[in-house]
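Beneath this line is the structure, given in structure tokens, with notes to follow.
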Amino acid sequence: MRTQPEWDDPELTLLARRLRDAHRAVAPLPPEDRQRLIRHLLAITDLAKRDTGLAARRLETFLADFQETPDVG
């Protein structure tokens with residue numbers, strides 16, 4: 001019985017693409033905002049190594065908050 005995901009896992013591929021896009025959205029922000037948000041994204045990325053479902057939910061929340069914040073999104 002395998003406990004690790006397959007390399008061609010659509011759920012992981014989607015999560016990776018969404019994390020990449022989130023990093024791209026954060027990149028042009030002023031340094032103080034960018035650093036804080038990148039730390040948050042790195043925590044989500046680290047979580048994805050252990051629990052992809054929870055990481056996906058946290059990324060969804062991050063993106064919703066990011067888009068709602070008028071100063072940064």
Side-chain angles (χ1 to χ4, degrees):
M1 183 169 151
R2 294 194 85 167
T3 58
Q4 295 182 350
E6 295 290 327
W7 280 107
D8 193 20
D9 184 330
E11 182 180 334
L12 290 177
T13 299
L14 178 61
L15 180 57
R17 285 184 182 147
R18 295 186 78 215
L19 280 165
R20 178 197 63 200
D21 293 344
H23 276 278
R24 286 179 178 168
V26 167
L29 296 176
E32 55 279 349
D33 292 328
R34 183 177 62 239
Q35 289 173 355
R36 177 178 50 82
L37 294 171
I38 286 176
R39 279 195 302 273
H40 195 141
L41 287 171
L42 290 175
I44 293 169
T45 301
D46 187 55
L47 176 61
K49 296 174 189 175
R50 296 179 304 281
D51 188 337
T52 56
L54 181 56
R57 291 190 301 275
R58 292 216 176 141
L59 179 58
E60 186 68 35
T61 300
F62 173 88
L63 292 172
D65 290 345
F66 178 74
Q67 291 172 352
E68 290 177 7
T69 305
D71 293 350
V72 296

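For the numbers below, each heavy atom of this structure counts, side chains included, while hydrogens, waters and symmetry mates do not. Predicted model only: the values in this text are computed from it and were never measured.
Under the 4.5 Å side-chain heavy-atom criterion for grouping Ile, Leu, Val, Met, Phe, Trp and Tyr, Leu14 is not connected to Leu59 through any hydrophobic cluster. The cluster map of Ile, Leu, Val, Met, Phe, Trp and Tyr, joined by side-chain heavy atoms under 4.5 Å apart, puts Leu63 and Leu41 in the same cluster. One hydrophobic cluster, built from ILVMFWY side chains closer than 4.5 Å, cannot hold both Ile38 and Leu47; they sit in different ones.
The CG atom of Leu19 sits 6.5 Å away from the CD1 atom of Ile44 when rounded to the nearest 0.5 Å. Taking CD of Glu11 as the start and OG1 of Thr52 as the end, the distance is 4.0 Å to the nearest 0.5 Å. Atoms CG and CZ, on Asp33 and Phe66 in that order, are 9.0 Å from each other to the nearest 0.5 Å. Atom CG of Leu37 and atom NE2 of His40 lie 8.5 Å apart (nearest 0.5 Å).
Heavy-atom neighbours of Arg34 CZ from other residues, nucleotides or ligands within 6.0 Å: above the threshold of 12.
A donor-acceptor pair under 3.5 Å is absent between the side-chain atoms of Arg36 and the main chain of Glu32, judged by distance alone.
Residues that satisfy the side-chain hydrogen bond (donor to acceptor under 3.5 Å, both in side chains) test with Gln35, not counting sequence neighbours, are absent from this structure. Scanning for side-chain hydrogen bond (donor to acceptor under 3.5 Å, both in side chains) contacts around Arg50 gives Asp46, with sequence neighbours left out.
Taking the side chain as every heavy atom from C-beta outward, Arg57 and Thr61 never approach each other to under 4.5 Å.
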